[in-house]
Amino acid sequence: MNKETMAACALPVLVIGSLNMDLVVTVCQLPQQGETVFGRNFATFPGGKGANQAVAAAKLGARVTMVGCVGQDNFAAELLESLRLAGVETSQVRSVTGKTTGVALITVADKGVNTIVVVAGANQECNPGDVQAALAKTKNPGIVLLQNEVPPATVEYAIRTAGEQGWKVIYNPAPARTVDAGILGLVDILTPNETELAALTGMPVRSQQEAVAAGKKLLQTGVKQIIVTMGAAGALLIAERMVKAVPAIQVQAVDSTAAGDCYTGAVAAGLAEGQPLETALHFAAVAAGLSVTREGAQSALPSKDAVEKYMRKKVKMYEKKWRAE
Ligand code: RIB
């Protein structure tokens, strides 16, 4: 099968989530409470967890539609342009009168660590009606991707309705909040990081061992598979009678913003084109690893060619490490 035929056969990916303009300052060290520090640089980058995941999946070969809301300002136009440039369908992004587009104030320090403050703006207007309209427009169900930067009622409606209609539901529960166990039980793949897993379970998650214990507790809700993302420490796949560690690739981190989004988007893209889950996790590990070597959110997301090139180059070393796990 050639690339074009493969893309045509792939499942559609619907991303329901936020679009934010990221206002980013770089500093040597994150400021402490009450402290003023000088920034080195300021820049704006298209971001938002939903839009980042949409761009990640599209750049990695998936057919992606974005569902969300923007305000009527210049940021909105820039964000839509960034989605379109990556090949994301934007007809389901609604422009809301009288609201500002979402923004995120991000501080990035050495080694790529960051803090993020989000002002949701128009993202708060994304409602079940938007989800219903988008689901109705897609003939064949594929993969739905969700996060926590649109209202909980919208996320919950999407999980229920998409699941009932035969979509595979991937839920990235970020930023952290508690979620009803009945809702989690309807999710096919959950992709929390350590903080989010701790918020969902009320259990401490400071080590791989604690992540496994919390993940196993979460399986009791009925969620089918959990992928715990742990940055440079890699990821853990936790399912019934199965725990598997997937290593991260070794890179010089510059900016970790959107690494988790890249990971989730890459898992969706891999599954959409028919990769088995474990293959998709390797693919996602490489994509997310490459994303932290560049600045910004969407600007840092790698193409499918870049990921495949890396995999070809490193395949021997990578396989050896994977077997040793
Ligand atoms: O996950 C990274 C994203 O979180 C940023 O792009 C920012 O917009 C916030 O939503």
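For the single chain, residues carry numbers from 1 onward in sequence order. Remember, it's 1-based here, ligands and their atoms both numbered in the order they're listed.
Taking atom 4 (O) of ligand 1 as the reference point, the nearest protein heavy-atom neighbour is K49 NZ, 3.1 Å. For atom 3 (C) of ligand 1, the closest non-hydrogen atom of the protein is N52 ND2, 3.6 Å. From the protein, the heavy atom lying nearest to atom 2 (C) of ligand 1 is D261 OD2, 3.3 Å. Shortest contact from atom 9 (C) of ligand 1 to any protein heavy atom: E149 OE2, 3.5 Å.
Proximity of G260 to ligand 1 is not established, as no heavy-atom distance is less than 4.0 Å.
For ligand 1, the polar-atom distance check finds no N/O of S18 at less than 3.5 Å from any of the ligand's N/O atoms. Here's the thing with N20: one of its N/O atoms is less than 3.5 angstrom from an N/O atom of ligand 1. Taking distance alone, with nitrogen or oxygen atoms compared against 3.5 Å, I116 stays at or beyond that limit from ligand 1.
Counting heavy atoms only, D22 comes closest to atom 8 (O) of ligand 1 of the residues V103, L23, D22, N172.
Atoms of ligand 1 lying under 4.0 Å from any heavy atom of A297, numbered from 1 in the order shown and given with element: 6 (O). Distances below 4.0 Å separate heavy atoms of A104 from the following atoms of ligand 1: 7 (C), 8 (O). Of all atoms in ligand 1, numbered sequentially from 1 with element shown, those under 4.0 Å from a heavy atom of G47 are 6 (O), 8 (O).
Between the side chains of E149 and N123, not a single donor N or O lies within less than 3.5 Å of an accepting N or O. No side-chain donor from either of N127 and T154 sits under 3.5 Å from a side-chain acceptor of the other. Using modelled atom types, one finds no donor on one side chain facing an acceptor on the other under 3.5 Å when comparing N172 with Q147.
Within 6.0 Å of CZ on F38 lie no more than 12 heavy atoms contributed by other residues, nucleotides or ligands.
We find the CG-CD1 distance between L184 and I159 to be 7.0 Å, quoted to the nearest 0.5 Å. Separating the CE atom in M66 from the CZ atom in R84 is a distance of 13.0 Å, to the nearest 0.5 Å.
Using a 4.0 Å cut-off between a side-chain N of Lys or Arg and a carboxylate O of Asp or Glu, E278 and K244 qualify as a salt bridge. The existence of a salt bridge linking D130 and R94 is confirmed by a sub-4.0 Å separation between a basic side-chain nitrogen and an acidic carboxylate oxygen.
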